[in-house]
Amino acid sequence: MGKVWVVARHEYATNVRRTGFLIFTFGVPLIGLALLVVTSLFSGQVGGFVEGQFAGGEEDLKVGVVDESGQFTPLMPDYRGRFELFADRESGREALRGGSVDRLLVIPGDYLESGRVRVVSANGESSGTVDIGLESAGIYDFLVDHLLRYRADAELRDRVADPFRPVEVSLDGEAGDGFAAGFFSYILGILLVMTIFISAGYLLQGVSKEKTSRIVEIIISSITPRQLLIGKIVGFGALGLTQVLIWFGSFFVLGLASTVALSISGDTPLTAILGRPEVFLLALVYYVLGFLVYAVIIGSVGALGTSMQESQQLSGVFSIIAAVPIFFAGIVLSNPDATLVRFFSYVPLTAPTMMLLRVPQGGVPILDIVISIAGLLVTAAAVLWAGNRVFRLGLLMYGQRPSLKQVLQTLRRG
């Protein structure tokens, strides 16, 4: 076991100082920090510019009102000035033609039954629907306040103005934030796939380089292929875990900073997940098991190649398989219990990524968690057994690639 840890420490210490690893590991948090700084410094100007582009200055509109329903007469004091009451449609149209008002609201006598309000602009009468941007002119508040001024207190008026704030609750009663959970689950899936691509890619490069340079012949004279493979997996697994922890730490720090810098209130992806430690525990389990399975497969299959390019071609398909659940993220986020989603949760090669997409959303059946973890444990043991033999076969065959028949014979002999 001591030799395994020697290999693991060597691989970790060698690769953690790689320029590419350092740039990629710390580059992601630095980009997030730069975005936070820019957003916090210029959020007001940017927000004002965007709002101005889409609002079109509607908040400065002077609005005329023809009240045929009697619900809006007289005007409330807070609305006098920006709103002007006219006795009939003709006088309102004359004011609109003369430019003293920018829009004319004609509220018919059956308004309470129909809810229809005609919005007349200078170029003619509309088709009966309020045009985009009039909400920012205060039309919505104007209607609500006048309808409720004799019927409700201020608290009820505020609730009518903002009646719907959905809180998603799973079948077991656990509340959560749909966007926050979806965002966090997507990030977890992406992190696992990226770690597999990067750390397992380093493992593949190391194996291929040692094999083609024939250094591996010296190494296996003092250590068994099994110890070498396990040592590399432990070392590169720790390397990937270091990368993930740095990203997660940066995510939390930037998340806390953003809530302060941008004055964000309410649930955020950070606050929605912090109260659920089981998410982090399961994420760690799926990360470790997923990386173990893929690292053994990629390292073993990669050892069969006669060159770095050939090794990448042989093992590349498994990296693609790891990313397959990401392609179905839309289905996962909208229907996490769909048949296709559960199928990918049971398949060991797609289970880690798929379950990382599902778990943060809550409500995942215990059966799915048990089956997926059990399948990964069995698969990890199987690939370690088979991978050790394939890895040894690939290392010992220099300059040629073992045939499928030779691989199967090696596995049968055990």
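For the side chain to side chain donor-acceptor pair (under 3.5 Å) test, no residue two or more places apart in sequence or in another chain qualifies with T14. In this structure R9 satisfies the side chain to side chain donor-acceptor pair (under 3.5 Å) test with no other residue, sequence neighbours excluded. For T339, the side chain to side chain contact (heavy atoms under 4.5 Å, CB included) criterion is met by no residue, not counting sequence neighbours. Applying the side chain to side chain contact (heavy atoms under 4.5 Å, CB included) rule to V378 yields no partners; only residues at least two apart in sequence or on another chain are considered. Under the salt bridge (Lys or Arg N to Asp or Glu O under 4.0 Å) criterion, D78 pairs with no residue at all, not counting sequence neighbours. By the ring pair (Phe, Tyr, Trp, His ring centres under 6.0 Å) test, Y12 is found to be paired with no residue, residues two or more places apart in sequence or in another chain being considered. For Q243, the side chain to side chain donor-acceptor pair (under 3.5 Å) test picks out T25, with sequence neighbours left out. Every residue two or more places apart in sequence or in another chain was checked for a ring pair (Phe, Tyr, Trp, His ring centres under 6.0 Å) with Y287, and none qualifies. Here D67 pairs with nothing under the salt bridge (Lys or Arg N to Asp or Glu O under 4.0 Å) rule; sequence neighbours left out.
Aromatic rings of Y111 and F72 (six-membered ring for Trp) have centroids within the 6.0 Å cut-off, being under it.
Residue pairs satisfying the side chain to side chain donor-acceptor pair (under 3.5 Å) criterion with at least one member in residues 364-378, sequence neighbours excluded, are listed as follows: Y286-S372, R342-D368, Y346-D368, R358-D368. Residue pairs meeting the salt bridge (charged side-chain N to carboxylate O under 4.0 Å, His left out) criterion with at least one partner in residues 373-384, sequence neighbours excluded, are absent. Within the structure, the salt bridge (charged side-chain N to carboxylate O under 4.0 Å, His left out) test picks out no pair touching residues 241-253 (sequence neighbours left out).
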